[in-house]
Amino acid sequence: MTSDPPSGEEKPASRNFIEQIIDADLAAAKNVDQIHTRFPPEPNGYLHIGHAKSICLNYGLAQQYGGKFNLRFDDTNPTREEQEYVDSIMDDVRWLGANWEDRLFFASDYFEQLHDWAVKLIKAGKAFVCDLTADEMREYRGTLVKPGKNSPDRDRRVDENLELFAKMKAGEFPDGSRTLRAKIDMAAPNINLRDPVMYRIKHAHHHRTGDTWCIYPSYDYTHGQSDSIEGITYSICTLEFENHRPLYDWFCEALGIHHPRQIEFARLNLTYTVMSKRKLLQLVTEKHVSGWDDPRMPTIRGLRRRGYTTESIQAFCERIGVAKFNSTIDMAWLEDAVREDLNEKAFRALAVLNPLKIVLTNLEPGQTIDIEAPNHPQNPEAGMRTLPLTREILIEADDFMEDAPKKFFRLRPGGEVRLRCAGIIKCDEVVKDAAGNVTELRCTFDPDHARKVKGTIHWVSAARALSAEVRLYDHLCAVENPEDVPEGKTFIDNLNPNSLQSITAHLEPSLVDAIPGTHIQFERLGYFFVDPVDSTPNKPVFNRTATLRDSWTKVKN
RNA sequence: UGGGGAAUAGUGUAACGGUAGCACUCCGGACUCUGACUCCGUCAGUCUAGGUUCAAAUCCUAGUUCCCCAGCCA
């Protein structure tokens with residue numbers, strides 16, 4: 001184990017409960033060789049941020065302990081699974097930074113072995129072919145408070161079981177007509193132990209094994225053995241599988257094979273969104289979102305397109321920790337993680353979302369002043385770019401107030417404000433239309449850079465600005481817990497009607513070449529991502545990843 | 001009503017019989033050519049009731065609340 005540090009006793013790093021279990025096992029010389037984890041998705045949907053937690057956990061543990069990490073598809077149900085999902089999941093796992101090296105596996109790779117083991121269990125009198133229909137089986141199973149009854153087929157002779165199982169495999173029976181069941185205990189208080197189904201008949205085409213099989217193993221009969229075959233030491237899964245652990249253990253014991261240790265943790269919940277595959281699918285099929293990669297979705301593909309980075313999601317998963325308590329993480333944590341990462345990475349640019357025209361009266365029409373602006377104020381190596389300053393410019397309408405409170409540091413009649421990187425302007429005149437709306441400001445420009453003024457605002461040249469589509473995203477749901485609905489309503493009723501606002505914004509001209517897939521901070525506004533799907537050459541589309549923190553709105557309210 | 005889990009500031013997460021710590025949020029302040037970033041500070045917690053002990057978040061007893069399980073889904 002660890003030896004005492006020579007001097008200057010260091011505080012031990014805080015360990016989560018899984019690390020503590022592993023540490024203890026290591027200390028007790030169990031699983032000593034090398035720890036080995038895996039991420040076992042079913043290829044029947046897209047990955048979401050909850051899966052990212054599991055991937056980061058499993059891969060992180062392997063890294064931390066110098067062990068290995070596998071990617072294994074749990075593809076035991078051909079009627080729900082598709083190659084398309086396999087491809088997207090692999091891409092997302094890779095993007096998340098988890099490296100399975102050459103260890104990409106499929107539970108379907110083990111079908112032959114699983115079948116042989118089933119025969120072994122039949123021969124040992126630990127499995128039998130059952131003729132009960134699904135409805136009958138439900139009846140025989142009993143309830144939470146009432147024990148089940150033995151299947152009439154439970155005591156079938158071994159040779160008869162063997163023959164029937166062979167016929168099941170040979171395709172002689174229709175779907176659902178028979179099952180192979182483990183013979184455990186119909187009176188067990190844990191319902192998973194009441195003679196669970198090991199094999200069911202499904203004459204279905206499997207995305208990998210084709211039509212080789214018409215019987216498919218169940219999750220319970222597959223998962224632990226797959227872990228075992230791969231030499232997994234810690235089979236980490238979510239809490240709902242806690243009730244399955246006795247079964248997991250039973251199969252490994254009955255088969256006498258390497259017995260990985262299953263450990264369960266609480267899945268991730270986030271405020272203002274939904275996470276279940278079913279609900280996400282519903283959002284897509286009912287067109288509440290544009291697809292699985294809609295930037296409002298908590299899917300990895302959605303987050304990627306929103307502008308989240310691998311590093312930000314890793315940091316987030318690290319920060320939320322892991323425990324057995326069902327918790328809900330505030331969405332603000334996710335946003336905070338991207339801000340932190342993007343603050344360092346994203347180049348800066350100026351963009352005006354909601355414009356107000358200013359005429360700089362002391363500049364000539366047609367005159368252009370080249371303004372040098374740093375691409376990243378904290379990182380000189382990022383270089384400079386040029387902004388054209390012209391007589392007519394656009395500023396954010398919010399940055400001017402006629403009757404401004406004392407704490408308003410921006411532009412007001414007669415007041416001064418700094419134009420980012422350019423100089424200082426003074427508001428001489430407010431022009432209004434017949435209805436009294438401010439339509440234009442007339443200001444004088446002072447190129448002095450040294451004077452101090454309290455406020456700095458962003459701007460673009462009216463003549464030279466690039467018009468571009470900017471998508472302002474907000475929470476998918478209008479309430480923290482969208483599942484919390486009154487009788488007769490669903491989470492759909494809690495969707496945020498303003499989760500997407502698409503506008504035409506005015507951007508500094510250098511952005512015309514913005515490359516799809518890059519992150520940019522529009523100063524004072526937020527982080528934006530050049531949409532990789534809808535951007536076309538010279539016509540970038542920007543997705544707002546996250547706003548900047550804004551302490552002004554707090555003052556205002 | 002059976003079985004399996006879980007309860008620590010607003011939200012997460014540590015402390016493993018010996019000063020309840022950390023992060024985010026909130027609030028206050030400093031700095032600032034982004035009201036950003038950064039920095040500093042404040043507020044705030046052991047589900048309840050008993051018990052063991054010099055000492056309990058931790059051990060014991062009883063209770064409360066929440067989650068999961070009755071698919072030939074995973």
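Every chain is numbered from 1 and lettered A, B, ... according to where its sequence line falls, protein lines coming before strand lines. Worth saying up front: this structure is predicted, and the values here are computed from it rather than measured.
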Atom-to-atom span, [atom1] of [X] to [atom2] of [N] - whole angstrom:
| X | N | atom1 | atom2 | result |
| --- | --- | --- | --- | --- |
| Glu19(A) | rU13(B) | CD | P | 14 Å |
| Ile320(A) | rU25(B) | CD1 | C1' | 16 Å |
| Glu264(A) | rC67(B) | CD | P | 19 Å |
| Asp135(A) | rA70(B) | CG | P | 16 Å |
| Ile201(A) | rC72(B) | CD1 | P | 14 Å |
| Tyr199(A) | rC72(B) | OH | C1' | 14 Å |
| Leu239(A) | rA7(B) | CG | C1' | 13 Å |
| Arg80(A) | rC72(B) | CZ | C1' | 13 Å |

Can you tell whether the side chains of [X] and [Y] come within less than 4.0 Å, N to carboxylate O?
| X | Y | result |
| --- | --- | --- |
| Lys345(A) | Asp341(A) | yes |
| Lys324(A) | Glu242(A) | yes |
| Glu416(A) | Arg451(A) | yes |
| Arg156(A) | Asp131(A) | yes |
| Arg524(A) | Asp550(A) | no |

Using a cut-off of 4.0 Å on non-hydrogen atoms, how would the nucleic acid contact of [X] be classed: base, sugar-phosphate, or nothing?
| X | answer |
| --- | --- |
| Asn44(A) | nothing |
| Thr76(A) | sugar-phosphate |
| Ala323(A) | sugar-phosphate |
| Thr328(A) | sugar-phosphate |
| His223(A) | nothing |
| Leu268(A) | nothing |

Exercise. On RNA chain B, nearest-nucleotide positions of Phe241(A) versus Asn326(A): which is more 5'?
Worked result: Asn326(A)

Seminar exercise, completed: Per nearest nucleotide of RNA chain B, the residue lying toward the 5' end, Lys324(A) or Pro41(A), is Lys324(A)

OP1 or OP2 of [N] under 4.0 Å from side-chain N/O of [X]:
| X | N | answer |
| --- | --- | --- |
| Thr143(A) | rG2(B) | no |
| Arg138(A) | rG71(B) | yes |
| Gln20(A) | rU13(B) | no |
| Arg15(A) | rC16(B) | no |
| Arg200(A) | rC73(B) | yes |

For this session: Output, in order, the C-alpha distance, side-chain angles, deciding distance and verdict of side chain to side chain donor-acceptor pair (under 3.5 Å) for Glu253(A) and Tyr248(A).
Result: CA-CA 9 Å; Glu253(A) 291 305 316; Tyr248(A) 185 108; over 6 Å; no

Taking the [atom1] atom in each of [N] and [M], what is the distance between them to the nearest angstrom?
| N | M | atom1 | answer |
| --- | --- | --- | --- |
| rC66(B) | rU1(B) | P | 13 Å |
| rA7(B) | rU48(B) | C1' | 12 Å |
| rG35(B) | rA14(B) | P | 38 Å |
| rA30(B) | rG10(B) | P | 28 Å |
| rC37(B) | rC43(B) | P | 23 Å |
| rG71(B) | rG17(B) | C1' | 47 Å |
| rG50(B) | rU11(B) | C1' | 31 Å |

For this session: Grab the two heavy atoms, one from Asp185(A) and one from Arg154(A), that are nearest each other, plus how far apart they are.
Result: N-NH2, 3.8 Å

Nucleotide opposite [N] in a Watson-Crick or G-U pair, distances under 3.5 Å:
| N | result |
| --- | --- |
| rC26(B) | none |
| rC43(B) | none |
| rC54(B) | rG18(B) |
| rG2(B) | rC69(B) |
| rA36(B) | none |
| rA49(B) | rU61(B) |

Exercise. Are a donor atom and an acceptor atom from the side chains of Arg420(A) and His458(A) found within less than 3.5 Å of each other?
Worked result: no

Exercise. So, does the side chain of Asn243(A) form a donor-acceptor pair with the base of rG3(B) at under 3.5 Å?
Worked result: yes

Exercise. Between the side-chain atoms of Glu42(A) and the base atoms of rC73(B), is any donor-acceptor pair under 3.5 Å?
Worked result: no

Seminar exercise, completed: Testing rU11(B), rC69(B), rA15(B) for proximity to the side chain of Trp333(A), the answer is rU11(B)

For this session: On the 0 to 90° scale, with breaks at 30° and 60°, tag the Tyr221(A)-Phe251(A) ring pair as parallel, tilted or perpendicular.
Result: perpendicular

For this session: Answer yes or no for Arg208(A) and Phe106(A): cation-pi contact, defined as NZ/CZ to six-membered ring centre under 6.0 Å and angle to ring axis within 45°.
Result: yes

Exercise. So, is the end of the Lys202(A) side chain (NZ or CZ) under 6.0 Å from the ring centre of Tyr216(A) and within 45° of the ring's axis?
Worked result: no

Seminar exercise, completed: Going 5' to 3' through nucleotides 33-39 of chain B and flagging B where a protein heavy-atom sits under 4.0 Å of the base, S where only the sugar-phosphate is that close, and - otherwise, we get BBBBS--

Seminar exercise, completed: With syn meaning chi within 90° of zero and anything else anti, the base of rG63(B) is anti

